[in-house]
Amino acid sequence: MPILVRIALRNLLEHKAKSFIIGGLLALGVVILVVGNSFMDTAAAGIRKTFTENYTADVFIHAETTDPVSLFGVQSVGGREETPAIPDYARVRAIVEEADGVVGVASQVTGFALAAPRDSEETGFALMFGVMPDEYSRVFDNAVVVEGRMLEPGEEGMLLTKRQVERMAEHLEVEFKVGDDVVLTGLGNSGFKIRAVPLVGLIEYKADTEATEFISYVDADTLRILMGLTLGTDADIVLAPEATELLASVSDDDLFGAPETVDLASATAPEPVPEAETAPAAAAPATVVDSGAWHFLLARLERPAQAERVVKELNGRFEAEGIPVVAEGWKAAAGPFAQSVDVVRIVFNIAIIIVAIVAVIIMTNTLVISVIERTGEIGTMRALGAQKGFVRKMFLVETVVIAAVFGLVGTALAFGVLGALSAMNIEAGNAFLEILFAGKVLRPSVNPMSVLWSLVMVTAVSVVAHVYPVQLALRIQPVRAMQAE
Amino acid sequence: MSIIELSEVRKTYPLGKTEVQAVKGVSFRIERGDFISIAGPSGSGKTTILNMIGLVDRPSGGEVLIEGKPTSKLADRELTTLRHETLGFIFQSFNLIPVLNVRENVEFPLLLGAKRQPKKEAAEWVDFLIEEVGLTDWKGHRSNELSGGQRQRVAIARALVTKPKIVLADEPTANLDSATGEQIIELMKKINRDLETTFIFSTHDAKIVDIADHVVRLRDGLVTENFRRERAGAEA
């Protein structure tokens, strides 16, 4: 064993009080880091699972904007900015579906509206996702129908959450019943739009988040009308020869010459999506999709860990083809609702930094005392021919050895604490804790990288703490050996 | 060429707002193979002179030459290398490294230099020195398990391990009883004869001064006597 390591290990045993103070701090630091990170990782995994399974999927694609975008729209400072539709939707969708690891894609329009039963003056607020029910249910298995039924493909109607209906009944005295019409008032690009759609069912999310309570589902066309978006396809429309001939035979007078009674009822009816032959996409999707205006595409991946790679790959493709579209991870899609985990992690990291600073101060003081105690020894080494580099290396090795030894002790203690917590079978008492626990019972997970990171952290703290004492040690002149008693 | 030459060496220490002149212009030479005692009462400047010869302290004026090489302008790194390659130290308080055992303490200086001896050769040399100082049975013991005399023997072996041309001993018997002190001086004398190592030791013990073949006597920072015994009539 090299002499420096021997000296370091024996000094550890020789100066037990010093070792105990420094080592205790380091071990405690490792316990806090490993256990804390384990909770963070467990909660992050739980939150990620909840969000990605509920409504964000793994990859989120939207049109380029100057302000950040989430599934809830553009988060602009000066007020609500309209969320732009995805340009060249068919091509974008084809690119996403072609990406390696993508197993499902769902399109979505997001909008807000005031919702009220017909003939009611009281209204409630509804955050609505406009989707294609069949496609959406292949990507998200997030909710169960507790009353009524799911939306059918092509059907006009909406689904509200049971909690939202209960809350509106309680606070606004607004009663929604399955089968009744819901009058939706939306404010889009082209002013107020009012639509009445049947409430086909009430749903409950399998896992609650802050956002899910407010999310209602509506058929995409209804929401497009409310939001003033383009209906139907934006692809090239190719008319059959007979249709072209018919159009050519109709004069302007035939169209606009004679006044007719306008049926107001039909004026508010949904504008039909034109039946058209669309040019085939580069890679045709497996199912027929509504290629009208969509705000977002949500991609489900085979493995969530692939998200970063897929996002990078997609952004590369979009940039190469000059399509102003951006792919991001689930956190961007979740917007402010996923920030709680980041906030908790930031608070945790700030606490760790404070603990680290305190630890550095205590360790520095202890090491300074140690250097003073060892002045004669250091002077002797210098007199015998030890260069300053040797003294520096000696203290560094001692620091690393103490960090490694007590880092491992701390790791063992942390595993003990986590094992004990796991064995205690602590149950999540509510939906929020269930998300944080990533299940019904707390089973803290340990990421080996997090343990390694904790050990690196405490070693770094030790190295920082030893800098000043080493400077003091290097100032010790060899003549001090002659003065040693 | 003398192995050591001191030329008008002075040393001044600050003491509050005043200065104390510990050495006031000292000049003498030490020849290769000398067994020299720097003698004098407490405060005469003998340890200060020994420190400057040992390159652990710098003179305020004058020059210390080691094998004809001036040392006053050498950088810390060069002084350290010169100390390691040329000088061995025996300290009054032994100064063994407490966490190392006898063998490791003796071996320690070998691990400091840039040049490394082959392991086997180094191990044999360390064992030889430990045998020479009579501590073969104590090789695995730490300094706190040894008597004062044994500790000083370890220090002597350690001082010799790099095969230095000069060994400096600062009052090597001061912390030992007289019988043990005499044994230590005898051991140093034996090594001086056998290995032709130059020994320079400071002492205020008259009995030990008598054993030296070259004596430099100091008082108040000045040389008052400088003579050789074995080389009759040859003043240094």
Side-chain angles (χ1 to χ4, degrees), chain A residues 1-19 367 369-399 401-402 405 470-485, chain B residues 11 13 46-52 54-58 75-101 103-115 142-144 155 158-159 161-162 164 168-171 174-175 202:
Chain A
M1 192 188 292
I3 189 81
L4 287 175
V5 178
R6 261 181 285 167
I7 291 175
L9 285 172
R10 289 180 196 169
N11 268 322
L12 265 182
L13 296 170
E14 200 71 21
H15 304 101
K16 289 189 180 69
K18 182 197 86 174
S19 304
L367 287 169
I369 293 166
S370 167
V371 166
I372 292 165
E373 282 172 357
R374 291 168 67 185
T375 298
E377 183 186 326
I378 295 160
T380 302
M381 288 178 176
R382 296 277 287 124
L384 294 178
Q387 298 285 1
K388 285 183 174 178
F390 179 90
V391 176
R392 194 181 287 122
K393 213 187 290 178
M394 181 176 77
F395 275 91
L396 183 64
V397 169
E398 286 190 18
T399 304
V401 164
I402 201 169
V405 169
V470 163
Q471 293 308 313
L472 284 185
L474 293 178
R475 280 184 222 154
I476 295 171
Q477 294 299 314
V479 71
R480 296 302 295 269
M482 299 295 192
Q483 297 153 358
E485 289 297 324
Chain B
K11 183 69 187 179
Y13 292 110
K46 54 187 187 300
T47 297
T48 306
I49 285 179
L50 210 64
N51 289 347
M52 290 188 286
L55 309 176
V56 295
D57 204 358
R58 289 176 188 269
D76 181 80
R77 171 169 282 276
E78 293 167 310
L79 285 174
T80 306
T81 304
L82 194 57
R83 273 201 307 274
H84 182 252
E85 290 174 353
T86 316
L87 302 164
F89 288 88
I90 299 165
F91 302 97
Q92 185 179 332
S93 302
F94 324 125
N95 292 30
L96 301 180
I97 295 166
V99 294
L100 299 181
N101 62 29
R103 199 179 189 290
E104 289 164 339
N105 260 296
V106 174
E107 187 190 20
F108 183 75
L110 290 178
L111 308 168
L112 300 174
K115 295 175 215 157
R142 291 221 200 150
S143 61
N144 60 0
R158 183 179 65 182
V161 77
T162 54
L168 296 153
D170 181 30
E171 305 219 25
N175 286 335
S202 65

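Numbers restart at 1 for each chain; the letters A, B, ... are given by sequence-line order, proteins then strands. Computed over heavy atoms, backbone and side chain alike; hydrogens, waters and symmetry mates excluded.
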Partner set under salt bridge (charged side-chain N to carboxylate O under 4.0 Å, His left out) for A:Glu373, not counting sequence neighbours | none
Options B:Asp57, B:Asn51, B:Leu87, ranked by heavy-atom pairs under 4.5 Å with chain A, top entry = B:Asn51
Heavy-atom side-chain contact between B:Phe108 and A:Thr380 under 4.5 Å = no
Name the region of B:Arg142, side chain, backbone, both or neither, that has any atom closer than 4.5 Å to a heavy atom of chain A.
-> side chain
4.5 Å side-chain heavy-atom contact, B:Leu100 and A:Ile3 | yes
Report the option among B:Asp170, B:Leu50, B:Leu55, B:Ile97 that has the most heavy-atom pairs separated by less than 4.5 Å from atoms of chain A.
-> B:Ile97
Say you draw a straight line from CG of B:Leu112 to CZ of A:Arg382; how long is it, rounded to the nearest 0.5 Å?
-> 10.5 Å
Who pairs with A:Arg374 by salt bridge (charged side-chain N to carboxylate O under 4.0 Å, His left out), at least two apart in sequence or on another chain?
-> A:Glu377, A:Glu398
Which value, rounded to the nearest 0.5 Å, describes the distance between B:Thr80 atom OG1 and A:Leu384 atom CG?
-> 11.0 Å
Please look at B:Thr81 and chain A and tell me whether the side chain, the backbone, both or neither of the residue comes under 4.5 angstrom of a heavy atom of that chain.
-> both
Residues which pass salt bridge (charged side-chain N to carboxylate O under 4.0 Å, His left out) with B:Glu104, listed by chain and number, not counting sequence neighbours = A:Arg6, A:Arg10
Below 4.5 Å from any heavy atom of chain A, which atoms of B:Pro98 appear? Answer side chain, backbone, both or neither.
-> side chain
Looking at B:Phe89 and A:Ala383, what are the two nearest heavy atoms and their distance?
-> CE1-O, 3.2 Å
Tell me the residues of residues 387-396 of chain A whose non-hydrogen atoms fall below 4.5 Å from those of chain B, in number order.
-> A:Gln387, A:Lys388, A:Phe390
Calculate, to the nearest 0.5 Å, the distance between atoms CG and CG belonging to A:Leu474 and B:Asp76 respectively.
-> 9.5 Å
B:His84 to A:Gly385 - nearest heavy-atom pair and separation = CB-CA, 3.7 Å
